[in-house]
There are 2 protein chains.
Amino acid sequence: MTKPDPAELPATLYGVRWEGGLEDGHLVLLDQTRLPKDLVYLQVRDIEILRKAICDLAVRGAPAIGIAGAYGIVIHLVPLAKTATGKTAESLEQAHAHAHERLVSSRPTAVNLRWALERMRDCFQRHSDHLTPLEMCARLLMEAKRIHREDLELCRRIAENGAALLPISGGIYTHCNTGALATGGVGTALGCLVEAHNRGKKIQVFSGETRPLLQGARLTALELQHAKVPVTLCCDSAAASLMARGKIQAVIVGADRICANGDTANKIGTYSVAVLAKFHGIPFYVAAPYSTFDLALADGSLIHIEERHADEVRRSQGVQLAPHDVPVANPAFDVTPAALITAIVTERGVIEHPTRERIATLMAGGASEPAV
Amino acid sequence: MTKPDPAELPATLYGVRWEGGLEDGHLVLLDQTRLPKDLVYLQVRDIEILRKAICDLAVRGAPAIGIAGAYGIVIHLVPLAKTATGKTAESLEQAHAHAHERLVSSRPTAVNLRWALERMRDCFQRHSDHLTPLEMCARLLMEAKRIHREDLELCRRIAENGAALLPISGGIYTHCNTGALATGGVGTALGCLVEAHNRGKKIQVFSGETRPLLQGARLTALELQHAKVPVTLCCDSAAASLMARGKIQAVIVGADRICANGDTANKIGTYSVAVLAKFHGIPFYVAAPYSTFDLALADGSLIHIEERHADEVRRSQGVQLAPHDVPVANPAFDVTPAALITAIVTERGVIEHPTRERIATLMAGGASEPAV
């Protein structure tokens, strides 16, 4: 177990970081499956272990997975580079392609992961004819750290844009975890909540527990407590009742993937909250970075919904909750149509009532890498 | 532990029954908090133990609680009656009043419990001037058994009425547990599903797990498996996604309490499913006996929503799921407005698009005790 260094970090808790230098360094992940009880950091030096951590949700949150994936390329190549001879192109190309494939396939829905790995591949291809293998690894680590730093900066901008949108007081419902543990910075939706609180808005956050893996209960509640933001936990199925009784003035959630028309894939249950918010006339905000948009997907009908293991629902923390052999529907994500989204908050600005045209305008308006 | 006697019972699993005669008899409850893992029957001879069983949800489901409450009056009075002298009115009246109060206050929202206890009180008052204490107990046991038998019969009628309404094939979503474990018979909403299946309808039931106490996972899935009805378990928050993907053709749930205008209180999450069904154009049925109606309540705004203990959400089966001190909103029930209900299925018939007038008509149409 490693203790985080508060001086270096934007929040008390972090999900992903690089520790050490190039040749002696490694990736550190907080094992989020063991929260809130145990604070265990995994020292990751092998992409198969990283792949398992992504599959098991030990590391989670679209941006954090992207950052972890970028560092994953480095941990796979450094040991080879130390003994490699010849040009990078000859000695590392196959290993890089292997690491890329193993990591990109660990979570097919995570567009940030693909985006980060493609940046790493671009970097590799740009420099493979003029750098030695170890120089290449140094360049790749620099690229991974840049991806990480950019995320920190864009979280800050999203938090500022989102905090301005939230009401000056009242109950704000959120689902799943979109905080520092899910990103490289202060988080997306959760960053907005923390920033609103820090600006003096009198908000009371309601965190849906987010079955089956309880990210809302285990992570969001914990992070908001750390940040001193008033938080109340509830079962996912209580959201409607809270809305009907006037306790919720806005909803803000993150996104795993946003289509060209604004349809948004996010943790199972997000669409449910969006329908309920619409029914009760409550604004529904999505906070997500630029890299979450996938303009190649015209709309949500094209998103493949990953079906996860039945035992996530039948068992919890090792305890049997249901007949051991009952069939289970366990979609990992659902798709919220753009029509239910009041606004999408990005680091570049806010897209009110998102449409294909408004998204295209924002996407065209800047470089893919915000200035750091 | 007692094994159920299949020959005597309407289903393999039962929630409540009387065992033995008058003087040596007692109430038997299946401890539903220990399902699906352990099948433990509680031998109940003391109303404080019964009260605790009701509070802890060891016995649950509005009809089953009513039946258990009725037998509870008997177990409290028999030991006193054995040694009592004089008229019943003098020797047992205070004890009866005490038992009534202790039981009625164990679950203030459960109108069936109040209704059953009031029937027991009416019986007591009708006969207290001409029966000896032991004769009175025998009469009260007869009344409790009649309440139980009536429930069995009305479950059969509700099941028939509900099965006729359900589509000939497709997915049917249900929430919480409304089966044999919750009633004295085959159940209400779940009875309709079993009857539809037995009539050859090709239904696929989706059972929401029903956080926080997981009655859908622990009980409904188990009962449907026993009844050989195809069942798939899902997280409560997946209902919306299943509806959007065309997998649900109808919803059927039970009720804890129905107001004069049709507003319906039921397990937390029911209202959520009702809103989602409305949004997706899916019929939403409530199956409940006559005794669930509380015509003294004009509408749902008058229903007191019981707030249950925070640890039901923060912990599950002894495992910590959230920070141990995080505040929790844990409403036991929510209220579904009549406007979201396609039809209420009762033992007396079906009330389509329930209104105050239609409910009053049905309520006025028959005696309070169906013929057995």
Side-chain angles (χ1 to χ4, degrees), chain A residues 36-37 175 206-212 214 216-218 221-222 224-225 230-242 244-245 247 267-276 278-280 305 310 313-314 316-331 333-335, chain B residues 36-37 175 206-212 214 216-218 221-222 224-225 230-242 244-245 247 267-276 278-280 305 310 313-314 316-331 333-335:
Chain A
K37 206 153 167 256
H175 186 69
F206 288 88
S207 172
E209 62 178 0
T210 317
R211 281 282 294 157
L214 297 163
R218 292 187 298 107
L222 187 75
L224 287 170
Q225 282 189 312
V231 57
T232 297
L233 179 66
C234 66
C235 293
D236 303 321
S237 70
S241 170
L242 292 168
R245 288 183 283 148
K247 293 181 187 289
K267 182 62 59 206
I268 187 69
T270 303
Y271 168 59
S272 181
V273 179
V275 171
L276 297 171
K278 186 72 165 187
F279 186 83
H280 293 90
I305 302 287
V313 179
R314 291 188 298 214
S316 181
Q317 324 286 316
V319 178
Q320 185 187 335
L321 306 176
H324 69 94
D325 57 350
V326 70
V328 168
N330 185 20
F333 305 95
D334 56 25
V335 178
Chain B
K37 206 155 167 255
H175 186 69
F206 288 88
S207 172
E209 62 177 2
T210 317
R211 281 282 294 158
L214 298 163
R218 292 189 297 107
L222 188 75
L224 287 170
Q225 281 189 312
V231 57
T232 298
L233 180 66
C234 66
C235 292
D236 303 321
S237 70
S241 170
L242 292 168
R245 286 183 283 148
K247 292 182 186 289
K267 182 63 61 206
I268 187 69
T270 303
Y271 168 59
S272 181
V273 179
V275 171
L276 297 172
K278 186 74 166 185
F279 185 83
H280 293 91
I305 302 286
V313 179
R314 290 188 299 215
S316 180
Q317 323 285 317
V319 178
Q320 186 187 334
L321 306 177
H324 68 94
D325 58 350
V326 69
V328 168
N330 185 19
F333 304 95
D334 56 26
V335 177

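Since this is a predicted model, take the numbers as computed values, not measurements. So that the names make sense, note that chain A is the first sequence line, chain B the second, and so on, each numbered from 1.
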Out of A/His175, A/Arg218, A/Lys37, A/Gln225, return the one with the most heavy atom pairs under 4.5 angstrom to chain B.
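With the most close heavy-atom pairs to chain B, the winner is A/Gln225.
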Counting heavy-atom pairs closer than 4.5 Å to chain B, which one of A/Asp334, A/Leu214, A/Thr232 comes out on top?
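The answer is A/Thr232.
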Using only atom types and a distance under 3.5 Å, with no angle test, would you say the side chain of A/Asp236 pairs donor to acceptor with the backbone of A/Glu209?
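Yes; at least one donor-acceptor contact below 3.5 Å.
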Spell out, as yes or no, whether a donor-acceptor pair under 3.5 Å connects the side chain of A/Arg211 to the backbone of A/Val313.
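Yes; at least one donor-acceptor contact below 3.5 Å.
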Who pairs with A/Ala239 by side chain to side chain contact (heavy atoms under 4.5 Å, CB included), at least two apart in sequence or on another chain?
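Partners of A/Ala239 by the side chain to side chain contact (heavy atoms under 4.5 Å, CB included) criterion, ordered by chain and then number, come out as A/Tyr173, A/Leu276.
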Counting heavy-atom pairs under 4.5 Å to chain A, which of [options] comes out on top?
options                                : value
B/Pro230, B/Ala238, B/Ser207           : B/Ala238
B/Asp325, B/Thr270, B/Leu242, B/Thr210 : B/Asp325
B/Val231, B/Leu321, B/Asn330           : B/Leu321
B/Cys234, B/Ser272, B/Gly216           : B/Ser272

Side chain, backbone, both or neither: which part of B/Leu224 has a non-hydrogen atom closer than 4.5 Å to chain A?
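Contact with chain A: none, neither part.
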Counting only non-hydrogen atoms closer than 4.5 Å, does B/Val319 touch chain A with its backbone (N, CA, C, O), its side chain (CB onward), both, or neither?
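When you check distances to chain A, only side chain atoms of B/Val319 fall under 4.5 Å.
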I'd like to check the ring pair (Phe, Tyr, Trp, His ring centres under 6.0 Å) partners of A/Tyr271; sequence neighbours left out, ordered by chain and number.
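A/Tyr271 satisfies ring pair (Phe, Tyr, Trp, His ring centres under 6.0 Å) with B/His280 only.
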Close side-chain approach of B/Ile268 to B/Phe333, heavy-atom, < 4.5 Å:
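With C-beta onward as the side chain, the pair stays apart.
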Less than 4.5 Å apart, any side-chain heavy atom of A/Leu233 and any of B/Pro327?
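A side-chain contact under 4.5 Å is absent here.
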